[in-house]
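Read the numbers this way: they start at 1 and go in the same order the structure lists the ligands and their atoms.
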Amino acid sequence: MSTAINEISQSQSITDEQELLELESKYCSWGDTVHYLDPPKFFERAEGHYLYDREDIPYLDLQMWYSASSFGYGNRRLNEALKNQIDKLPQLACQYLHSEKVELAAAIGRLNESKFGLEGRVHFNVGGAQAIEDSLKIVRNATGKSLVFAFMGGYHGRTLGASAITSSYRYRRRFGHFSDRAHFVPFPYCFRCPYGKKPEDCGLYCVDQFAKNFDTEYNSFWDAKAGESEFSAFYAEPIQATGGYVIPPPEYFPALKKVLDERNILLVDDEIQMGFYRAGKFWAIENFGVEPDIIVFGKALTNGLNPLSGLWAREELISPEVFPPGSTHSTFSSNPLGTAVALEAVRMMQEENYEEITQRKGAYFLAQIRELQRRYPKVIGNTDGMGMALRIEICREDGYEPDRELTDRIFAEGMKGDLDARGRRTGLVLDIGGYYKNVFTLAPCFDMTEEEIDIAVELIEQLIRRCAPARI
Ligand SMILES: Cc1ncc(COP(=O)(O)O)c(C=O)c1O
């Protein structure tokens, strides 16, 4: 064995954490999100809604891989589906068919027929951003236009195409000119209304403002003679995920959809984070009573096992006549391990009453964090939730100014792994989102019991008391 190979094989058995961190620091790209915590944290195993570190200390996870593992780490039924597929048909080029792909597409297609009364087809890919790319192709192909609307605070992924419709300039700054950058529209983030209005009496001012863009051709959006907009679609997360689990008022989407229909603009519903019951319904958009033209999904479809994403589009946008073979493709797009787990997950979602489960447990959790807000008004400025997507917005003493610094401290303190869960040493895994990076976006595991929710809230309270002793 040459010296170089010898060194590589030796590096495979390193157990010392400090040594691993040094290697990571030298050999791993820092381009991902790992270095948000210093030093970055290692985990060794996962079970249910706990992650275990290298000393086997459990960390209660309230973010579940950004909602990709909603059904619990190591979910027996889904793991079994993966294992069976590994023994049966683990690999297959996507140019051939396998039954799981077809059954999965049919299950999602039929579900949408029953929910929206619309016929459509499903196209698979691997990651969320890739499915967003596919949806952009479908929109461009069907309309011949490349400009779209998207929301301020929206997040659709970090490929170049997805970055162009994601609001943060931070994600684009280093990467040149984005000629197809979306036109970003204010989201109804009523706690911090971009127009300074109050939801009680605003009369959906934000929708009116959007609609006004089409009043005359000189507003730059609309050619009245041709009856055409320069924009083809509106990309929307029904509940903003990375934006801080921001829930719009119930009247918002119906009013927006009316404007879009009048102007012949497609509605693309990004369900990558909120789909599959995170927000109490199979699709989060079902909470708002509008029918999308395209739905993009990913994450929890396979419970975070072999990745699979995809989109559903109305038949006239995706039929083989308009979107023929070869229009888009990835080697791994409908990989058999992913489709097998996803098929089992969709069957599980149809057999179990996840609507009832997520709405009941979510309401219980929300009541607890509202109580926490009542007790700590100088720390928590806003709480909200829909299904098991919940938000805690950390603010300064006035209950409004965002307190990013305290949010970071609470997050880091949870990662120390020395909280007291009724006598058991535990850590707490939280995720930070929000326009000001001051929101804990909670995506708890659907299997949590009420008692476990109580414990989770006790742990959050311990963190508040440790990190903001002067404000309690
Ligand atoms: C709403 C939404 N869209 C798109 C994406 C991108 O998905 P992926 O990270 O799998 O590319 C995410 C990821 O967090 C998301 O939350």
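- Only backbone heavy atoms of His156 (N, CA, C or O) come within less than 4.0 Å of ligand 1; its side chain stays farther off.
- Of the N and O atoms on the side chains of Glu393 and Tyr436, not one donor lies less than 3.5 Å from an acceptor on the other residue.
- Closest protein heavy atom to atom 8 (P) of ligand 1: Gly128 N, 3.5 Å.
- No salt bridge links Asp53 with Arg45; every basic N to acidic carboxylate O contact stays at or beyond 4.0 Å.
- Contacts with ligand 1 closer than 4.0 Å are made by no heavy atom of Tyr66, backbone or side chain.
- Checked for salt-bridge contact, Glu405 and Arg409 meet the test: a charged N lies under 4.0 Å from a carboxylate O.
- When hydrogens are left out, the protein atom nearest atom 3 (N) of ligand 1 is Asp270 OD2, 2.7 Å; that is the closest non-hydrogen contact.
- Of all protein heavy atoms, the one closest to atom 16 (O) of ligand 1 is Gln273 NE2, 2.8 Å.
- Residue-ligand proximity, Ala129 to ligand 1, at heavy-atom distances under 4.0 Å covers atoms 6 (C), 7 (O), 8 (P), 11 (O).
- What sits closest to atom 9 (O) of ligand 1 on the protein, heavy atoms only, is Lys299 NZ, 4.6 Å.
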List the atom pairs, with distances to 0.1 Å, where a side-chain N or O of residues 126-137 and a protein N or O form a donor-acceptor pair under 3.5 Å, not counting sequence neighbours.
| from | atom 1 | to | atom 2 | distance (Å) |
| --- | --- | --- | --- | --- |
| Gln130 | OE1 | Gly127 | N | 2.8 |
| Glu133 | OE2 | Thr159 | OG1 | 2.5 |
| Glu133 | OE2 | Gly161 | N | 2.9 |
| Glu133 | OE2 | Ala162 | N | 3.3 |
| Asp134 | OD1 | Thr328 | OG1 | 2.6 |
| Asp134 | OD2 | Asn125 | ND2 | 2.9 |
| Ser135 | OG | Ile132 | O | 2.6 |
| Ser135 | OG | Tyr235 | OH | 2.7 |
| Lys137 | NZ | Ser327 | O | 3.1 |

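- Among Thr242, Ile272, Thr441, the residue whose heavy atom sits closest to atom 4 (C) of ligand 1 is Ile272.
- Of the possible donor and acceptor atoms, one in the side chain of Ser232 sits under 3.5 Å from a partner among the backbone N and O of Leu147.
- For atom 1 (C) of ligand 1, the closest non-hydrogen atom on the protein side is Glu237 OE1, 3.2 Å.
- The pair Lys416-Glu413 meets the salt-bridge criterion, with a side-chain N (NZ, NE, NH1 or NH2) lying under 4.0 Å from an Asp/Glu carboxylate O.
- In this structure a side-chain-to-backbone donor-acceptor pair under 3.5 Å is present from Glu452 to Thr449.
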